[in-house]
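Working notes, beginning with the structure itself.
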Amino acid sequence: MKTKLFVITPPFTQLNTPYPATAYIKGFLNTKNVASVQADLGIDVILELFSKKGLVDLFEFSSFRFEVSGVEISDNSKRIFALQDEYIKTIDAVIQFLQGKNPTLALQICQEDFLPEASRFAQLEELDWAFGTMGTQDKAKHLATLYLEDISDYIVECVDENFGFSRYAERLGRSANSFDELYEALQQQPTYIDSILISLLKTKIEAVQPTLFLISVPFPGNLYSAFRCAQWVKENHPEIKISMGGGFPNTELRSLSDARVFEFFDFITLDDGEVPIEELIFNLENPNSNSYKRTFLLEEGKVVYKNNSLKHDYKQAYVGTPDYSDLPLDKYISVIEIVNPMHRMWSDGRWNKLTMAHGCYWGKCTFCDISLDYIKVYEPVAANLLCDRMEDLMQQTGQNGFHFVDEAAPPALMRALALEILRRKLAVTWWTNIRFEKSFSADLCLLLKASGCIAVSGGLEVASDRLLKLIDKGVTVEQVAKVTRNFTEAGIMVHAYLMYGYPTQTIQETVDSLEMVRQLFEAGILQSGFWHQFAMTAHSPVGLYPEKFGVTKATEAIGTFANNDIDYTDSTGINHDKFSFGLKKSLFNFMHGICFDYELQDWFDFKIPKTKIDPDFIFNALEEGNDFTTKPNAKVVWLGGKPAVEHFTKSKKGQTWEMVAFVFHDKKESFTIQTNKNEGEWLVEILKKITVSSGKNYTFQEVKNDFETELEDFELFWYSKPINTLREFGLLVL
């Protein structure tokens with residue numbers, strides 16, 4: 001019997017773009033000619049709920065709460081309930097607007113008498129100044145987002161306390177060492193949201209009629225819904241086999257031993273899904289094969305882990321191009337929740353997701369799960385293959401925006417990809433995650449910008465050199481400052497992940513770290529950031545060897561369900577939670593270019609020590625000149641066009657010289673340079689060779705040798721005024 005697969009992401013991840021796991025799996029299955037259908041039940045449930053019919057049903061369902069005496073309901077929910085006709089009237093138009101189908105509605109939304117307003121709009125007065133630079137469309141998107149969040153608040157209070165736009169019942173999936181609480185929740189009657197989910201799932205299962213049902217669970221906020229989907233299929237279609245994979249089981253369920261989980265699932269696979277799924281298919285078609293790859297299953301009432309397949313994981317070149325067919329790409333909703341430029345990119349607009357390299361080329365950070373394959377096994381994809389996949393996706397989706405979802409994109413591969421994009425003359429927009437390492441020179445950043453890179457995010461983590469060394473980040477604060485400056489000056493937005501509460505971090509170091517962040521924003525070289533509190537995970541060096549980092553695990557016991565986040569005590573005894581509000585509030589203001597002159601003490605309602613960081617530390621770091629030497633193997637690339645060339649004669653004090661004038665046109669302006677005849681004729685030829693479209697990369701040494709076959713003193717020419725002018729307009733050394 002031929003296997004047919006149904007692959008889903010359960011509610012909820014993002015509103016604006018599908019989580020890519022199912023598209024990756026479908027792309028791989030295409031290479032094996034295996035029939036599959038995928039669905040994002042998250043966006044399906046949201047569109048069902050946030051519709052005219054959805055809101056009519058919602059208000060009707062919740063109306064009994066307003067009729068029962070003794071039930072406490074907030075004034076905010078009473079207001080929304082009273083305005084229900086306004087919500088029902090406007091919802092379809094607002095959703096269409098956020099799907100990009102009804103742009104003229106922005107004018108009405110911005111009048112601020114079209115949408116009903118509840119408590120979320122109270123923050124608008126504070127945010128008015130933040131929209132000074134925003135156009136009508138963006139402001140309307142933000143107002144429409146507040147409107148949806150008001151309805152969400154109503155749902156949480158009056159319908160389903162577990163609701164959230166990008167997560168559902170996340171509490172049940174977080175640090176769930178025991179399956180008890182989740183199991184108990186699954187024995188209850190389905191919630192209102194569950195009933196919508198199950199209704200949609202029923203329709204799809206009946207249409208697809210799969211033999212194997214794959215559920216991808218990337219986050220804790222998808223876990224409960226995944227179990228609800230599996231539960232319904234088990235009860236109504238016991239002949240369908242069900243498997244769970246994805247980020248959550250990969251990190252959390254590696255020591256699973258609770259047999260009750262297999263009342264819902266037949267299999268749970270770990271790490272890269274291609275071979276495990278291929279083996280599941282083979283097992284279904286050949287029931288006696290008993291060959292599995294990284295798979296949990298139940299045998300004789302006991303959970304067993306089988307990894308007896310002789311198949312190796314596929315190289316990245318052979319996993320196929322992600323396939324987004326079946327997903328309603330025109331129905332995703334772009335929202336602007338908060339005025340953070342990087343968070344806006346995550347929630348606004350649809351991105352094709354791709355990976356430059358499997359794993360992390362650095363793979364040393366001590367807070368990271370570097371013992372797991374998704375980080376540990378590093379394998380880059382060739383730039384020409386990446387570009388092939390980009391072109392395939394652009395043709396398939398009609399969209400040219402790409403988010404490379406790497407742990408940390410390798411600089412050499414980013415350079416190769418940028419050159420390939422420029423050679424193919426592709427008009428694309430892309431962004432990714434990086435390490436702030438010194439390879440990101442000013443010229444490399446200019447190249448990335450020219451290829452369509454608009455933003456990077458990277459971990460500054462703790463802005464303290466002692467802790468960066470302990471983290472094994474391989475960077476210093478000074479180096480981060482120079483790299484963020486290079487990106488910023490090239491016109492690429494920079495977002496920094498910031499961390500507080502790292503093991504042995506002192507209060508002084510937290511204060512000093514905040515001062516470093518203040519200076520980076522004041523210097524204008526960071527545009528966005530976010531503070532995360534350190535969490536100790538089981539598969540990181542800190543979790544594996546806590547004694548090396550001055551922390552003690554609260555317990556050595558291993559849970560029967562999820563095991564990743566670990567409770568611990570830090571030898572410093574500091575309560576880092578208390579810093580959270582002040583760090584985040586200060587950052588919000590710094591991101592908007594204000595409050596740099598505040599004392600750091602002003603952000604906290606408890607006494608903190610004065611910073612020990614020189615007030616000009618970042619300024620001085622940026623003043624240090626860049627190393628001006630050029631490595632012989634550096635690539636020399638010309639991004640500009642073909643110049644108009646004119647020979648002329650120059651006379652002075654009775655002497656004449658033959659000269660060459662070059663007129664160049666770039667996108668913004670035209671400029672001219674002049675050289676003597678011999679150097680000019682050489683320059684005409686070398687620009688043809690090193691132009692980005694030539695297909696061959698020339699090294700600095702090759703360019704020098706070429707010059708010196710007929711001319712002398714290359715260094716004098718290289719540092720001359722004409723070449724300096726070309727360096728400003730796209731002559732790059734990489």
Side-chain angles (χ1 to χ4, degrees), residues 3 5 7 9 19-34 36 38 212 214-218 241 243-256 265-286 289-297 304-323 353-364 368-386 388-389 392 404-410 413 538-540 564:
T3 309
L5 279 77
V7 195
T9 309
Y19 192 78
T22 62
Y24 276 53
I25 290 300
K26 187 174 174 69
F28 166 72
L29 293 170
N30 291 345
T31 69
K32 299 292 171 185
N33 295 315
V34 174
S36 67
Q38 65 181 323
L212 178 57
L214 302 179
I215 304 180
S216 175
V217 183
K241 295 295 183 186
S243 180
M244 181 204 296
F248 182 85
N250 291 351
T251 52
E252 303 275 350
L253 301 185
R254 302 189 81 88
S255 51
L256 176 67
F265 291 92
D266 297 290
F267 312 104
I268 292 177
T269 64
L270 301 182
D271 301 324
D272 292 358
E274 291 85 6
V275 178
I277 291 167
E278 197 176 13
E279 290 290 51
L280 290 184
I281 294 168
F282 188 75
N283 268 285
L284 292 180
E285 294 176 356
N286 304 274
S289 72
N290 196 28
S291 173
Y292 294 95
K293 187 84 169 177
R294 296 189 299 269
T295 300
F296 285 105
L297 59 148
V304 295
Y305 179 67
K306 292 204 167 181
N307 191 20
N308 58 353
S309 168
L310 298 176
K311 282 190 178 178
H312 293 292
D313 283 307
Y314 285 92
K315 294 290 185 190
Q316 292 301 295
Y318 300 104
V319 296
T321 301
D323 182 349
K353 310 264 185 175
L354 275 175
T355 310
M356 285 192 213
H358 182 288
C360 179
Y361 71 95
W362 179 248
K364 295 179 186 177
C368 186
D369 292 339
I370 60 174
S371 67
L372 298 183
D373 282 359
Y374 83 96
I375 303 283
K376 184 173 65 177
V377 180
Y378 172 66
E379 187 204 336
V381 181
N384 60 344
L385 180 55
L386 274 174
D388 289 345
R389 288 176 178 172
D392 287 348
F404 289 97
V405 293
D406 292 61
E407 300 302 319
L413 182 50
H539 311 290
S540 67
N564 193 36

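In this structure, CZ on Phe265 lies 4.0 Å from CD1 on Ile215, to the nearest 0.5 angstrom. With rounding to the nearest 0.5 angstrom, the CG atom of Leu29 is 10.0 Å from the NZ atom of Lys32. Rounded to the nearest 0.5 Å, atoms OG1 (Thr3) and CG (Leu284) are 5.0 Å apart. Put simply, CG on Leu354 and OG1 on Thr321 are 7.5 Å apart, with the number rounded to the nearest 0.5 Å.
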Using side-chain contact (heavy atoms from CB on, under 4.5 Å), reason through Leu270 and Phe296 one step at a time and then give a plain yes or no.
CA-CA 8 Å; Leu270 301 182; Phe296 285 105; 3.8 Å; yes

Where do Trp362 and Glu407 land on the side-chain contact (heavy atoms from CB on, under 4.5 Å) test, with the steps shown first?
CA-CA 10 Å; Trp362 179 248; Glu407 300 302 319; over 6 Å; no

Might you work through the side-chain contact (heavy atoms from CB on, under 4.5 Å) test for Phe267 and Asn283, ending with a clear yes or no?
CA-CA 12 Å; Phe267 312 104; Asn283 268 285; 5.9 Å; no

Derivation and outcome, side-chain contact (heavy atoms from CB on, under 4.5 Å), residues Arg254 and Leu372
CA-CA 10 Å; Arg254 302 189 81 88; Leu372 298 183; 3.4 Å; yes

Salt bridge (charged side-chain N to carboxylate O under 4.0 Å, His left out) between Asp313 and Arg294: does it pass, once the steps are laid out?
CA-CA 11 Å; Asp313 283 307; Arg294 296 189 299 269; 2.9 Å; yes

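A distance-only check finds a donor-acceptor pair linking the side chain of Asp406 to the backbone of Met356 [under 3.5 Å]. Listed for the Glu379 side chain is no donor-acceptor partner under 3.5 Å among the backbone atoms of Lys315. Judged by distance alone, the side chain of Asp266 and the main-chain N or O of Ser243 form no donor-acceptor pair under 3.5 Å. Distance alone, capped at 3.5 Å, is enough to place a donor-acceptor pair between the Lys26 side chain and the Ser36 backbone. Without hydrogens or angle criteria, Lys293 side chain to Lys311 main chain gives a donor-acceptor distance under 3.5 Å. In this structure, the side chain of Ser371 engages the main chain of His539 through a donor-acceptor pair within 3.5 Å.
In this model, a donor atom of one side chain and an acceptor atom of the other lie less than 3.5 Å apart for Tyr24 and Thr355. A donor and an acceptor atom, one from each side chain of Tyr314 and Glu278, are located under 3.5 Å apart.
The two residues Asp369 and Thr251 have their closest heavy-atom pair at OD2-CG2, 3.7 Å. Nearest heavy atom pair, residue Leu5 against residue Leu214, reads CD2-CD1, 3.4 Å. Minimum heavy-atom separation, Leu253 to Ile268: CD1-CD1, 4.3 Å. Closest non-hydrogen pair, Asp271 versus Asp373, comes out as OD2-OD2, 3.7 Å. Of all the heavy atoms in Ser309 and Val275, the pair that sits closest is OG-CG1, 4.4 Å. The two residues Phe282 and Ser289 make their nearest non-hydrogen contact at CE2-CB, 3.5 Å.
Atom OH of Tyr305 has more than 12 heavy atoms from other residues, nucleotides or ligands within 6.0 Å.
With contacts defined as side-chain heavy-atom distances shorter than 4.5 Å, the pair Asn290/Lys306 qualifies. The side-chain heavy atoms of Gln316 and Leu385, taken from C-beta on, include no pair separated by under 4.5 Å. Side-chain contact between Glu279 and Thr295 is absent, with no heavy atoms from C-beta onward closer than 4.5 Å. Proximity of Ile277 to Phe28: side-chain heavy atoms (C-beta onward) are nowhere separated by under 4.5 Å. Contact check for Leu280 versus Tyr292: side-chain heavy atoms found under the 4.5 Å cut-off.
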